[in-house]
Asks: 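Okay, handing you the structure first.
Numbering of ligands and ligand atoms starts at 1, following listing order. The first residue of the sequence shown is numbered 1, and numbering continues consecutively from there.
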Amino acid sequence: MTILVINAGSSSLKYQLFDMTDSSVLAKGLCERIGLQGSKVKHQANKPTRIRDTEIDMPDHEAAIRVVLGLLTDAEYGVLKSMDEITAVGHRVVHGAESFTRSTLIDDKVLKAIDECSALAPLHNPPNLTGIKSCMAVMNVPQVAVFDTAFHQTMPEYAYLYPIPYDYYKRDKIRRYGFHGTSHRYVSERAAKLLNRPVEELRIITCHLGNGSSVAAIRNGCSVDTTMGFTPLDGLPMGTRSGSVDPAILEYLMDNEDMSIAEVLNVLNKKSGVLGLSGVSSDFRDLHKAADEGNPRAEVALKVFYYSVKKYVGSYAAALGGVDALIFTAGVGENNAAARAAIAGGLDYMGLDIDLDKNAAVKGDECDISAGGSRGRILVIPTNEELVIARDTEAIVKAL
Ligand code: ADP
C-alpha cells in the first residue's frame, strides 16, 4: 500500500509518501509561501536520491497538491508511474477536541466536526481542513484524519479540568486537551518494543522537547496527563512561548506597559520562552553557544527550561506512582546531550540513573542512556509522527 501523508499549514504543506510494505519513505517535501509571492517547493525522491528545489506558482493549497502529485509522478524526480498508485491520504489535524479520540476516515460529517473544532485552534485547523479539501478535490481515494489531541483524550477528568467555574468547561469547552499526541504515542509504543514489555505494563514519561515542547505521563499505553493544555501555550517554557505563567501577569502587563490583550498574547506566544529570557535566540544550539561564551541570560534561560522539564518529570512520577521509562524526543530531546543530562541528572532517588558517557555518545538513533543498575530506563527515541499517520491510515483503509 502506498500512503501519502500531508501536514498542511496556513502557507506551507509538508508531505511524505510511504511504501507500507516496509514503511520506507519513497519521497518527501515541503511547499512554502503558498498563496504568496515567490512560492517554492523542495522535493526529495529516494532510492536513488533526487532533489528538486524550485520556485513555482502555487496560488492556493489545491495548486500545491497538484504540484506535489506532479513531482511524485515526474519522469525525472518521481517515484510513481501514476497517482492512481496512491492508496490513501493521511492528514495531520491539530485539534479534534472531544469529538475525536482516534484517527478517523474523513466524510462530510467528519469535515463538519473538524470545522467545529476550528474555534479552539483558529491558526491550525482551518489550514488542515483546506489541505484535506484540496486533496479531495484532486484525488479520489480515502482520506484519514490523525489528530494531535486524540491520544490525550484518555486523561481523567481530574487531570483535564481547570479549576475555574464548571460552566466554562460545559459551555465554552475550556479544558486541558494536550498536543503532540501523535509523537507521545509513537515514542511510548517504541519504548515498549525496545524494552520488550507490553505497553500496558509500563509507566512512561515522554519529553517532546523541540521548538514547541510538552511532557506526558503515560500509564498502560494511555496518556493520563500532559503539560500543554487548552492551547499549546500552556506548560513548559518553549522556544518563544512562555508556557504557564501566573494569569494575573496578563492584566498587570496591560496596565503597566499599556498593551492590549492581543499584544500581551503576542508577547507570550512569540517573544517569551528561552528567546525572551535570553534575548539571544529561540534555538537551543545558539543558546548553548552563547552560554559557553559567558552570556548569563542565555545560561539562565537554559536553566529555567531544564528546571521546568525536571519539575514536570517529578510531578508525573508522583502521578504515575513511579517511572519505568523516561523518554527524550524531538529536536532538543534527540540531539542535545547537555539538555538530557541537566533534566535526567540527579533522578537516581526515583530509580532513574543516567549514564553520561552513553548520553554523550547518542548519534540520532534510538538509544538507552541509563546506567546499568538503573531501575527505570532512560531512552532517546527519534519521533516519527508521519509514520504514525501513515500506519493509522493504512489500518483504517484495510478495514474498509
Ligand atoms: P519543532 O517543534 O519546530 O518541530 P524541532 O523538534 O525540530 O522543532 O526542534 C527544534 C530545536 O531542536 C531547536 O532549538 C534546535 O536547536 C534543536 N536541535 C535540532 N537539531 C539539533 C542538533 N543537531 N543539535 C542540537 N540541537 C538541535
Asks: Got an N/O contact under 3.5 Å between Phe284 and ligand 1?
Replies: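 Such a contact does occur with ligand 1.
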Asks: Heavy atom of Gly239 under 4.0 Å from ligand 1?
Replies: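 Flag not set, Gly239 not near ligand 1.
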Asks: Please state which protein non-hydrogen atom is closest to atom 25 (C) of ligand 1 and give its distance, to 0.1 Å?
Replies: Arg285 CG, 3.5 Å
Asks: Going by the side-chain hydrogen bond (donor to acceptor under 3.5 Å, both in side chains) test, name the single residue among Arg92, His180, His124 that passes it with Asp148.
Replies: Arg92
Asks: Which residue is it: Arg219, Arg203, Arg375, Arg377? I am looking for the one with a side-chain hydrogen bond (donor to acceptor under 3.5 Å, both in side chains) to Asp324.
Replies: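 For Asp324, the side-chain hydrogen bond (donor to acceptor under 3.5 Å, both in side chains) check succeeds only for Arg203.
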Asks: Are there protein heavy-atom neighbours of atom 6 (O) of ligand 1 below 4.0 Å?
Replies: yes
Asks: Counting heavy atoms only, which of Pro232, Gly331, Ser183 is nearest atom 18 (N) of ligand 1?
Replies: Gly331
Asks: Going by heavy atoms in the side chains, are Asp107 and Leu105 under 4.5 Å from each other?
Replies: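 Of all side-chain heavy-atom pairs linking Leu105 with Asp107, none is under 4.5 Å.
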Asks: Less than 4.5 Å apart, side chain to side chain, heavy atoms only: is that true for Thr329 and Ser183?
Replies: yes
Asks: Centre-to-centre under 6.0 Å for His95 and Tyr177, is that the case here?
Replies: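 Yes, close enough.
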Asks: Are any of the N or O atoms of Leu209 closer than 3.5 Å to those of ligand 1?
Replies: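 No, since none of the N or O atoms of Leu209 sits under 3.5 Å from an N or O of ligand 1.
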Asks: Select the closest option to atom 20 (N) of ligand 1 among Leu287, Val332, Asn335, Asn211, judged by heavy-atom distance.
Replies: Asn335
Asks: Would you please test Asp283 and Ser281 for side-chain hydrogen bond (donor to acceptor under 3.5 Å, both in side chains) and show each step?
Replies: CA-CA 5 Å; Asp283 190 299; Ser281 172; 5.4 Å; no
Asks: Among Arg175, Lys170, Lys173, find the residue that satisfies the salt bridge (charged side-chain N to carboxylate O under 4.0 Å, His left out) test when tested with Glu98.
Replies: Arg175
Asks: How far is atom 15 (C) of ligand 1 from its nearest protein heavy atom, and which residue and atom name does that atom have?
Replies: Asp283 OD1, 3.4 Å
Asks: Which ligand 1 atoms does Ala330 reach within 4.0 Å, using its non-hydrogen atoms?
Replies: 6 (O)
